[in-house]
Asks: 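Just passing along the structure, written as structure tokens.
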Amino acid sequence: MANAIETLKERGLFDNVTSPGIQKQLESPTSVYAGFDPTSSSLQVGNFVTIMGLAHFQRAGHPVIALAGGATGMIGDPSGKSSERNLQSHEEVERNLVGVKENLSRFLDFDSKTAPAKIVNNHDWMGRFSYIEFLRDVGKHFRMGTMLGKESVRARMESEAGMSYCEFSYQLIQAYDFLHLWDKEGCKLQIGGSDQWGNITAGVDLIRRLRGGEAFGMTFPIICDSSGQKFGKTAGNAVYLDHNRTSYYDFYQFFIRTEDADVIRFLKIFTFLPLDQISEIAREMAAAPEKRLAQKTLADDMTRTIHGAAGLAIAQRASEVLFGGSMEGMKADDLVKVFANVPSRELPVDSIRDGGFLDVAVAAGLCKSKGEVRRLVTEGGFYINNIRITDPAGKITGDMLVDGRVLVMRAGKKNYCLVKVV
RNA sequence: GGUGGGAUUCCGGAGUGGUCAAACGGGGCAGACUGUAAAUCUGCUGGCUAUGCCUUCUAAGGUUCGAAUCCUUAUCCCACCA
């Protein structure tokens with residue numbers, strides 16, 4: 001059977017294991033699990049590493065379990081976070097869970113005969129506990145010294161924000177999850193980002209203590225770009241897998257804009273492309289970097305995986321139009337189609353025709369204030385129909401409206417807004 | 001519960017009665033150069049009907065001609081003690 005750990009190592013998806021014994025264990029099918037918090041109604045590209053991890057294990061012939069954190073999501077994992085999280089209501093978590101499950105179901109094969117995937121929700125077993133029972137059954141087996149020594153706890157204790165008892169307890173719940181899956185599913189390995197190390201080892205320890213068995217943990221590196229930013233955010237906004245939250249276009253663009261220094265590494269991490277093919281791409285990139293073959297391959301592959309061929313086509317089409325230069329000759333209908341996934345706003349005719357640029361740009365939601373638009377115009381970063389506007393006091397004229405009903409405004413290089421006249 | 005410290009614009013962090021829309025740094029945005037890359041350089045970074053006006057320095061009151069700065073109370077955070 002394929003060696004999953006070797007594959008992960010080759011692809012830059014390996015950080016650490018709790019014990020080298022894992023290699024022997026993986027010679028036979030081993031149930032593997034990873035947890036996902038329903039912090040929002042959709043997973044983000046930041047969750048991608050873990051998803052890929054599970055997928056690689058499944059491809060190597062191991063049954064995998066995706067744990068949706070219906071219970072843990074209500075507490076908030078302090079790992080890697082500098083401040084206390086806002087608590088989510090039960091309803092919120094339930095709602096988010098639906099989306100998260102939907103996302104996960106796209107990556108994992110639930111019908112595999114040899115290594116089927118499965119989704120479980122830890123609320124199903126955590127919800128039954130009373131506080132007293134949990135303390136007796138689980139809390140009893142944890143030592144304060146160990147708990148306080150965890151990196152996630154220490155970091156927070158040293159920070160200004162401090163930490164609540166609620167978040168501090170998080171590791172107990174995650175440890176119990178592992179124990180539960182060990183008992184019920186024969187799960188022997190938990191995987192997660194390296195920030196999960198403390199939580200994972202808590203589970204491994206608990207299993208050893210209560211069941212006398214050896215469970216394993218494996219972590220992935222936290223993926224950062226070459227400037228040290230955690231992967232998965234643009235301008236502080238997470239990139240979601242759900243196209244209602246991050247459009248096909250934005251999703252595609254996120255990957256197209258990957259820096260040269262990161263793109264080959266990302267191809268290994270986020271796609272299943274064979275390594276020799278990636279090397280080939282790297283060679284071509286070195287020869288002609290301006291063609292941006294690697295970025296395109298990455299963006300195409302990712303978008304196709306998440307949004308299918310149709311989603312990819314929409315994203316590519318929009319990118320061509322927007323970065324292709326002139327919009328000369330475009331029909332309103334074409335624009336509307338191309339921009340189906342780009343922010344758009346419908347505005348009444350009388351507010352547009354002869355409306356000042358400043359007012360319309362704000363009304364369209366492109367900029368927050370008129371001052372911002374004014375600044376943009378004077379800096380030369382404001383465009384209508386891809387033509388630079390230089391007069392902040394200018395007004396929209398009739399001939400700017402394509403077919404009398406559509407207008408494309410652009411702030412800077414990459415923020416577009418389609419204005420539809422109604 | 002006690003004592004002490006703290007809360008400033010996106011973040012960090014100056015500012016301790018007028019010269020404060022608030023230094024500096026980071027981040028972000030824009031422009032130039034490019035390849036929707038990086039690096040570099042330049043500019044911007046509360047709002048407006050804009051050489052002026054308005055709303056800001058946790059919140060509500062108060063002192064004062066004048067408050068981010070002083071007083072009171074509240075809220076939240078941190079540290080130590082119990």
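We name chains A, B, ... by the order of the sequence lines, and we start the count at 1 in each one. Please read these numbers as outputs of a predicted model, since none were measured by experiment. The basis for the numbers below is simple: all heavy atoms, side chains too, and nothing from hydrogens, waters or symmetry mates.
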Asks: Strictly by modelled atom types, are Thr219(A) and Gln196(A) linked by a side-chain donor-acceptor pair under 3.5 Å?
Replies: no

Asks: Looking for any heavy atom pair under 4.0 Å, which part of the strands does Arg375(A) touch: base, sugar-phosphate only, or nothing?
Replies: sugar-phosphate

Asks: What integer number of Å spans the C1' atoms of G62(B) and A67(B)?
Replies: 12 Å

Asks: Please report the distance, rounded to the nearest Å, between CG in Asn415(A) and P in C29(B).
Replies: 8 Å

Asks: Paired with G4(B): which nucleotide, if any, by Watson-Crick or G-U wobble criteria at under 3.5 Å for both distances?
Replies: C78(B)

Asks: Report yes if the side chains of Tyr176(A) and Asn122(A) come closer than 4.5 Å at any heavy-atom pair, otherwise no.
Replies: no

Asks: Write down the distance separating the P atoms in U72(B) and G26(B), rounded off to the nearest Å.
Replies: 39 Å

Asks: Can you check the distance between U19(B) and U69(B), where both ends of the measurement are the C1' atom (answer in whole Å)?
Replies: 15 Å

Asks: Between Glu259(A) (CD) and U40(B) (C1'), how many Å, whole number?
Replies: 15 Å

Asks: What interatomic distance, in whole Å, is found between C1' of C10(B) and the corresponding atom of A22(B)?
Replies: 16 Å

Asks: Rounded off to whole Å, could you give me the OH-to-P distance for the Tyr416(A) and A30(B) pair?
Replies: 12 Å

Asks: Taking atom P in both A21(B) and G52(B), compute the distance separating them and give it to the nearest angstrom.
Replies: 12 Å

Asks: Toward the 5' end of RNA chain B, which comes first, Lys291(A) or Lys370(A), by nearest nucleotide?
Replies: Lys291(A)

Asks: Name the closest nucleotide to the Arg388(A) side chain, picking from A37(B), G31(B), U36(B).
Replies: G31(B)

Asks: Between A30(B) atom C1' and Tyr383(A) atom OH, what is the distance in whole Å?
Replies: 9 Å

Asks: Within this structure, what is the CD-to-C1' distance between Glu379(A) and U45(B), rounded to whole angstrom?
Replies: 9 Å

Asks: Could you measure between the two P atoms, the one in U9(B) and the one in U73(B), and give it in whole Å?
Replies: 25 Å

Asks: Hydrogens and angles aside, do Asp300(A) and Gln316(A) bring a side-chain donor and acceptor to less than 3.5 Å of each other?
Replies: yes

Asks: In whole Å, what separates the P atom of U75(B) from that of A59(B)?
Replies: 16 Å

Asks: Under a 3.5 Å cut-off for both contacts, is C41(B) paired Watson-Crick or G-U wobble with anything, and if yes, with which nucleotide?
Replies: G31(B)

Asks: With P as the reference atom in both, quote the distance from U58(B) to G6(B) in angstrom, rounded to an integer.
Replies: 13 Å

Asks: Whole-Å distance between A37(B) P and Lys413(A) NZ?
Replies: 5 Å

Asks: Could you walk me through whether Ile65(A) and Ile119(A) pass side chain to side chain contact (heavy atoms under 4.5 Å, CB included), step by step?
Replies: CA-CA 6 Å; Ile65(A) 302 169; Ile119(A) 293 184; over 6 Å; no

Asks: Donor-acceptor pair under 3.5 Å: do we get one between Gln253(A)'s side chain and the base of U36(B)?
Replies: yes

Asks: Starting at the 5' end of RNA chain B, which residue's closest nucleotide do you reach first, Ser369(A) or Gly380(A)?
Replies: Gly380(A)

Asks: Does one side chain, of Glu259(A) or Gln295(A), offer a donor that lies under 3.5 Å from an acceptor on the other?
Replies: no

Asks: In the structure shown, which nucleotide is the Watson-Crick or G-U wobble counterpart of C20(B), with both distances under 3.5 Å?
Replies: none

Asks: Base, sugar-phosphate or nothing for Glu372(A)? Non-hydrogen atoms, less than 4.0 Å.
Replies: nothing

Asks: What do you reckon, are the aromatic ring centroids of Phe266(A) and Phe231(A) less than 6.0 Å apart?
Replies: yes

Asks: Leu376(A) side chain: which of G35(B), C29(B), C48(B) is closest?
Replies: C29(B)

Asks: To the nearest Å, how far apart are Phe255(A) CZ and A37(B) P?
Replies: 17 Å

Asks: Who is the Watson-Crick or G-U wobble partner of U55(B), with both distances under 3.5 Å?
Replies: none

Asks: Does NZ or CZ of Arg59(A) lie under 6.0 Å from the centre of the six-membered ring of Phe272(A), at an angle within 45° of the ring axis?
Replies: yes

Asks: Looking at every strand, decide which applies to Arg410(A) at a 4.0 Å heavy-atom threshold: base, sugar-phosphate, or nothing.
Replies: nothing

Asks: Whole angstroms only, please: what is the CG-C1' distance between Asp359(A) and G47(B)?
Replies: 14 Å

